[in-house]
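First up is the structure itself, then whatever we jot down about it.
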There are 2 protein chains.
Amino acid sequence: MMHDEVVSRLRHVLTEGEIPPGARIPERELCASFAISRTPLREALKVLAAEGLVVLLPNRGSRAAKLTRKDVKELFEVCEALEAAAGELACPRISDAQLREIAELQANMVEHYRAQDLLSYYRCNRLIHEAIVRAADNAVLAGFYESIAARIRRARFITPMSPEHWALAIQEHEGILNALQRRDAGGLAHILRNHLRRKREEVVRAGFAEGE
Amino acid sequence: MMHDEVVSRLRHVLTEGEIPPGARIPERELCASFAISRTPLREALKVLAAEGLVVLLPNRGSRAAKLTRKDVKELFEVCEALEAAAGELACPRISDAQLREIAELQANMVEHYRAQDLLSYYRCNRLIHEAIVRAADNAVLAGFYESIAARIRRARFITPMSPEHWALAIQEHEGILNALQRRDAGGLAHILRNHLRRKREEVVRAGFAEGE
DNA sequence: TGGAACCATTTTGAATGCAAAAATGATCCG
DNA sequence: CGGATCATTTTTGCATTCAAAATGGTTCCA
C-alpha cells in the first residue's frame with residue numbers, strides 16, 4: 001500500500017471515523033485493519049502528529065488530538081486568513097465552469113436547507129468552500145486549508161446550528177456567490193471573514209472544547 | 001534521540017545545511033551522522049515530505065525539494081496572507097516588552113544595513129518577522145509560517161538585493177515598527193503585504209527557480 | 001484489610017533482516 | 001566500436017525482532 005494512502009485512511013478514521021478526540025489510537029488493530037505492519041503505520045502517525053491531528057506521548061502511545069478552546073480560536077483565526085486569501089485569489093482566476101459548479105452547489109445547498117437536511121447541507125457547504133479554495137489555484141494554500149479543515153471538522157459539524165444562524169449562513173452564501181460572480185475580491189474576502197467569524201462564535205459559544 | 005530532534009536536524013540540513021535542492025538525500029550517511037538507524041530517519045523524511053521540503057520518489061529514494069516558479073509564487077502568496085494576519089493579530093496582543101525587543105532588533109538591523117553586512121541584516125530581518133508572528137500568539141499560525149519560511153528561505157536569501165530595494169526594505173521596516181507601536185492593525189497588514197510582494201517580485205525577477 | 005512492592009505481561013521505540021525493485025556494469029552481438 | 005541484454009550489486013520499503021519502558025496484577029506485610 002502506498003504511503004500516502006495510509007496517511008489518508010488514518011486521517012479519515014480520525015476526522016470522520018470511529019476514533020473520537022482524546023481516544024487512544026489502537027496501533028495493533030489499525031495494523032490489522034489496514035493489513036500493514038507497525039512500521040508504515042507509525043510513519044503515518046508521525047505525519048499526522050506533525051499536522052496536529054495526533055498527539056504522541058513518549059513511551060505512552062498516541063492519541064487522537066483534543067481541541068482546546070485556544071486551539072479552536074487559533075484554527076479559526078488562521079482559517080479566516082486562508083479563506084479570505086483564497087477568495088481574493090480566486091476572483092481573478094476562477095473559470096466560468098468553476099463558477100457554474102459553485103452556483104449549482106449553492107442551489108443544491110439551498111434545497112437541502114429548505115428540506116432541513118443538515119447533513120446534506122453540510123456536505124454542499126464544504127464542497128463550496130473547497131471549490132473556492134481550488135479556484136484560488138494555489139496548492140500550498142489548499143494543503144494548509146485541508147489541514148485546518150480536518151482539525152476543526154468535528155467542532156464545526158458537531159456544534160448545533162440555530163435556525164437564525166442557519167438562515168444567516170444561507171444569506172451569506174448568496175453574498176459569496178454574488179461577489180465571486182462580480183469578481184469582487186475585496187468584497188468576497190470581507191464576506192468570507194464575517195462568515196467564518198460568525199461560525200467561530202457559534203462554535204465557541206456552544207462551549208465547544210474537547211478538553212483542556 | 002527524540003523523534004522531533006531528528007526532524008529538526010534533518011530540516012536544518014535541508015534548509016541551511018549541505019544538501020542543496022534537488023540533491024539526493026543520502027539515507028545511509030545521515031543515519032551514520034545522526035547515529036540512528038534507518039527507521040527513525042525514514043519517519044522524519046515522511047514528515048518533511050508532508051511539509052514539502054522533501055520529495056519521495058517511490059522506490060527511488062528521496063530528494064531535497066526544488067522550488068519551481070509556481071512554488072515560489074504560491075509560497076509567497078500564502079506567506080503574505082499569514083504575515084498580514086499575524087500583523088493584525090499582533091497589534092492588539094503585543095506586549096510592551098515584545099515591542100521593545102522588536103525596536104531593538106530594528107535598530108540593530110539598521111546598523112547592519114549601514115555597515116552593509118548582508119548576513120547580519122538578514123538574521124535581524126528574520127528575527128523581526130518571527131517576533132511579529134510570535135506576538136500574534138497563535139501556535140497554528142506560527143507553525144504554518146515556520147513551514148513556509150523554511151521552504152522559501154534559500155530563495156529569499158540567495159536572491160541578491162539591489163541597493164534600491166535594500167533601502168526601500170529599511171524604509172518599510174520603519175513603517176512596520178511604527179504601525180505596531182500605533183497598534184494600527186490594518187496599516188500594518190497593508191505594509192507587510194507590500195513588503196512581501198516586493199520581495200517576491202525581486203525573487204521572481206531574479207529568475208529564481210531551482211528547477212521546473 | 002489496606003497499601004506498598006515486586007514480578008509478569010504488554011506496549012513502545014528503534015535496529016535488523018528480508019524480499020522486491022532499481023541502478024550498475026559487464027558481456028555479447030550487430 | 002556502439003548499443004542492447006542480462007547478471008550483480010545496491011537501495012528501498014516493509015516485516016520482524018529486540019531491548020527498554022510502562023502497565024497490571026498479585027503477593028506480602030503492617
Side-chain angles (χ1 to χ4, degrees), chain A residues 1-15 17-66 143 151 210-212, chain B residues 1-15 17-66 143 151 210-212:
Chain A
M1 194 191 309
M2 198 62 194
H3 163 71
D4 287 348
E5 206 194 321
V6 179
V7 174
S8 316
R9 287 231 266 165
L10 184 54
R11 201 201 320 265
H12 189 265
V13 167
L14 290 168
T15 56
E18 33 284 348
I19 300 180
R24 206 137 190 305
I25 294 174
E27 223 175 76
R28 234 154 221 316
E29 285 175 37
L30 286 173
C31 287
S33 111
F34 292 178
I36 54 175
S37 78
R38 286 177 58 221
T39 310
L41 184 74
R42 296 181 92 268
E43 287 174 354
L45 282 170
K46 307 267 166 149
V47 170
L48 294 181
E51 263 180 42
L53 267 176
V54 167
V55 290
L56 303 172
L57 305 112
N59 290 320
R60 302 167 84 254
S62 46
R63 314 186 84 93
K66 272 187 194 172
R151 289 183 67 187
E210 290 160 342
E212 321 289 86
Chain B
M1 193 192 310
M2 198 62 193
H3 163 73
D4 287 349
E5 205 195 321
V6 179
V7 174
S8 314
R9 286 183 56 179
L10 184 52
R11 200 201 320 266
H12 189 264
V13 167
L14 290 168
T15 57
E18 34 284 347
I19 299 180
R24 205 137 191 305
I25 294 174
E27 223 175 76
R28 237 156 215 313
E29 286 174 36
L30 286 174
C31 286
S33 110
F34 292 177
I36 54 175
S37 77
R38 286 177 58 219
T39 309
L41 184 74
R42 295 182 90 267
E43 286 173 352
L45 283 170
K46 308 266 167 151
V47 170
L48 294 182
E51 264 181 42
L53 267 175
V54 167
V55 290
L56 303 172
L57 305 114
N59 291 318
R60 303 172 78 252
S62 45
R63 314 186 83 95
K66 270 187 195 174
R151 288 183 67 187
E210 290 159 341
E212 320 289 86

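We name chains A, B, ... by the order of the sequence lines, and we start the count at 1 in each one.
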Quick check: closest heavy atoms across V6(A) and P40(A), and the distance to 0.1 Å? CG1-O, 4.2 Å
Just to confirm, is there a sub-4.0 Å distance from OP1 or OP2 of dT12(C) to any side-chain nitrogen or oxygen of R24(A)? yes
Atom pair NE2 (H3(A)) and CG (L45(B)), whose distance is rounded to the nearest 0.5 Å: 10.0 Å
Can you check the E29(A) CD to dT10(C) P distance for me, whole Å? 15 Å
Let me know the distance between CD1 of I25(A) and P of dG13(C), rounded to the nearest Å. 12 Å
Starting at CE of M2(A) and ending at P of dT12(D), how long is that distance when rounded to a whole Å? 15 Å
Considering non-hydrogen atoms only, spot the tightest contact between G52(A) and A65(A) and give its length. O-CB, 3.3 Å
Would you say the base of dA14(C) and the side-chain of S37(B) have a donor-acceptor pair closer than 3.5 Å? no
Hey, is the side chain of R38(A) pairing donor to acceptor with the base of dG13(C) inside 3.5 Å? yes
Spacing between L56(B) atom CG and dG13(D) atom C1', to the nearest angstrom: 11 Å
Between L48(A) and R11(A), what is the shortest heavy-atom contact and its length? CD1-N, 3.8 Å
Restricting to nitrogen or oxygen on both sides, can you table the protein-nucleotides 5-10 of chain D pairs closer than 3.5 Å?
none

Holding to side-chain hydrogen bond (donor to acceptor under 3.5 Å, both in side chains), I want the full list of residues that pass it with E43(A), two or more places apart in sequence or in another chain. R42(B), K46(B)
Tell me: CG of N59(B) to P of dT24(C), nearest whole Å? 15 Å
Any R60(A) side-chain N or O less than 4.0 Å from OP1/OP2 of dT23(D): yes
When rounded to whole Å, the CZ to C1' distance for the pair R42(A) and dT17(D) reads 14 Å
Round to the nearest Å and state the distance from E5(B) atom CD to dG13(C) atom C1'. 15 Å
Whole-Å distance between dA22(D) P and E27(A) CD? 16 Å
Which atom pair, heavy atoms only, marks the closest approach of A64(A) to L14(A)? CB-CD2, 3.7 Å
When the side chains of residues 20-35 of chain A are checked against the rest of the protein, which donor-acceptor pairs come out under 3.5 Å, sequence neighbours left out?
| from | atom 1 | to | atom 2 | distance (Å) |
| --- | --- | --- | --- | --- |
| E27(A) | OE1 | R38(A) | NE | 2.6 |
| E27(A) | OE1 | R38(A) | NH2 | 3.3 |

